[in-house]
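Chain identifiers are assigned alphabetically (A, B, ...) following the order of the sequence lines, protein sequences preceding nucleic acid strands; residue numbering begins at 1 within each chain.
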There are 2 protein chains.
Amino acid sequence: MDAEARLGAQVRSTVGRLYRRFRSERPDGSLGDAALDVLTHLQKTGPQTLTQLSERAGVSPASMSQSVNRLTSAGLAVRTPDPGDRRKVLFSTTAEGDELAASTRSQRNAWLDSRLRELSAEDQATVAKACELLDEITGA
Amino acid sequence: MDAEARLGAQVRSTVGRLYRRFRSERPDGSLGDAALDVLTHLQKTGPQTLTQLSERAGVSPASMSQSVNRLTSAGLAVRTPDPGDRRKVLFSTTAEGDELAASTRSQRNAWLDSRLRELSAEDQATVAKACELLDEITGA
DNA sequence: TATTGTTATACTCTATAACTATA
DNA sequence: TATAGTTATAGAGTATAACAATA
């Protein structure tokens with residue numbers, strides 16, 4: 001096995017472990033990771049169409065439709081018809097959605113942030129740089 | 001937001017994006033990521049009990065029981081009663097499981113490996129170091 | 001009693017296929 | 001015809017609760 005293959009396997013392993021850890025932090029009855037990700041994104045960008053959301057997340061429109069349904073059912077987001085093209089629907093957060101997104105994010109980041117705080121400044125920079133490199137790889 | 005909080009959010013975002021990309025590479029009819037991870041682990045370590053597998057993966061024993069059921073149903077792993085403690089069951093790979101794990105892993109790592117190969121040696125080292133740091137954080 | 005594992009049930013997330021409405 | 005979105009259905013992965021078998 002060459003060096004790149006070993007590195008690929010390591011990245012895959014590390015990412016899988018971290019992701020499962022993140023996912024397991026969901027308190028009972030709260031939003032799942034996909035729905036929370038959409039809510040956070042809507043907060044940052046403002047109203048988005050279903051197609052925009054599904055392309056950004058890398059999932060099918062049908063899958064995204066169900067994710068936003070969870071948000072609208074819970075009163076965290078709303079649908080607004082696009083006045084210019086009535087095939088389109090714009091999704092946006094409600095005040096309740098904004099509040100929930102902020103509090104949930106800070107709760108879920110607490111564990112990771114406290115651990116990262118224990119690293120040296122140099123190691124923190126290494127992690128930040130690696131994230132940039134990996135984001136480029138995924139086209140983010 | 002302080003520097004650690006920003007870094008935590010960045011790590012979470014990068015990991016989520018990479019994980020979803022990995023998961024989407026599953027060809028139709030093939031093993032899911034959780035089952036493949038167990039198969040790979042069994043290959044490396046040899047026979048393991050259900051409790052060992054569930055603790056290592058960070059999931060409930062009930063969840064792991066269903067994952068190994070997918071493997072045994074497909075003929076990729078087998079159950080063996082522990083002779084010394086008949087409450088325990090040892091899971092191990094079959095020859096078919098070994099073959100499938102090897103071929104599936106190389107297929108799925110191909111995309112990531114080719115991208116990592118485009119990075120400079122220094123950037124590759126940065127990614128490797130970041131994986132080590134993050135593995136320590138998750139207790140791996 | 002405690003430990004090991006399984007089954008029953010339910011929720012999230014994902015996909016494909018088939019559909020409606022609008023352009 | 002093509003595009004935007006939805007619904008129906010199915011499978012993977014997860015959890016909790018309730019259970020059986022063994023220590």
[X] side-chain proximity, nearest of [options]:
X: B:Gln66; options: D:dA15, D:dG13, C:dT6; result: D:dA15
X: A:Arg23; options: D:dT14, C:dC13, C:dG5; result: D:dT14
X: B:Ala62; options: D:dT6, C:dT6, C:dT14; result: C:dT6
X: A:Pro61; options: C:dT6, D:dA15, D:dT6; result: D:dT6

Do any side-chain nitrogens or oxygens of [X] fall under 4.0 Å of OP1 or OP2 in [N]?
X: B:Ser65; N: C:dT6; answer: yes
X: B:Arg70; N: D:dG11; answer: no
X: A:Asn69; N: D:dT7; answer: yes
X: B:Thr51; N: C:dG5; answer: yes
X: B:Ser63; N: D:dA15; answer: yes
X: A:Arg79; N: D:dT6; answer: yes
X: B:Ser60; N: D:dA15; answer: yes

Decide yes or no for A:Cys131 and B:Val11: does some side-chain heavy atom of the first lie under 4.5 Å from some side-chain heavy atom of the second? yes
To the nearest angstrom, how far is [X] atom [atom1] from [N] atom [atom2]?
X: A:Leu31; N: C:dC11; atom1: CG; atom2: P; result: 15 Å
X: B:Arg86; N: C:dA2; atom1: CZ; atom2: C1'; result: 18 Å
X: A:Leu53; N: D:dT6; atom1: CG; atom2: P; result: 10 Å
X: A:Tyr19; N: D:dG13; atom1: OH; atom2: P; result: 13 Å
X: A:Asp33; N: C:dC11; atom1: CG; atom2: C1'; result: 13 Å
X: B:Lys88; N: C:dT3; atom1: NZ; atom2: C1'; result: 9 Å
X: B:Asp82; N: D:dA21; atom1: CG; atom2: P; result: 19 Å
X: A:Leu36; N: C:dC11; atom1: CG; atom2: C1'; result: 16 Å

Could you grab the distance from atom CZ of B:Arg79 to atom CG of B:Leu90, nearest 0.5 Å is fine? 11.5 Å
CD/B:Glu132 to CG/A:Asp123 distance, rounded to the nearest 0.5 angstrom?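 Taking CD in B:Glu132 and CG in A:Asp123, the distance rounds to 10.0 Å.
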So among A:Thr104, A:Leu71, A:Asp37, which one has a side-chain contact (heavy atoms from CB on, under 4.5 Å) with A:Leu31?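 When A:Thr104, A:Leu71, A:Asp37 are each tested with A:Leu31, the side-chain contact (heavy atoms from CB on, under 4.5 Å) holds only for A:Leu71.
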A:Leu39 pairs by side-chain contact (heavy atoms from CB on, under 4.5 Å) with which of A:Thr94, A:Leu76, A:Asp98? A:Leu76
Within the structure shown, what part of the strands sits under 4.0 Å from B:Ser24 by heavy-atom distance: base, sugar-phosphate, or nothing?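 No contact at all - B:Ser24 keeps every heavy atom at 4.0 Å or more from the nucleic acid.
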Any luck finding a side-chain donor-acceptor pair between B:Ser13 and B:Arg17 under 3.5 Å? yes
How do B:Asp85 and A:Ala35 order along DNA chain C: which one's closest nucleotide is nearer the 5' end?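 Of the two residues, B:Asp85 wins.
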If you assign each of A:Gly84 and A:Val59 to its closest nucleotide in DNA chain C, which residue comes earlier from the 5' end? A:Val59
So, does the side chain of B:Arg87 form a donor-acceptor pair with the base of C:dT3 at under 3.5 Å? yes
Any idea which heavy atoms bring A:Gln43 and A:Ala101 closest together, and the distance?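 Heavy atoms of A:Gln43 and A:Ala101 come nearest at OE1-CB, 3.5 Å.
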Angle of first-five versus last-five pair axes in the helix from C:dT1-D:dA23 to C:dA23-D:dT1, to 10 degrees: 10°
Whether B:Tyr19 and A:Tyr19 hold their rings parallel, tilted or perpendicular, with breakpoints at 30° and 60°: parallel
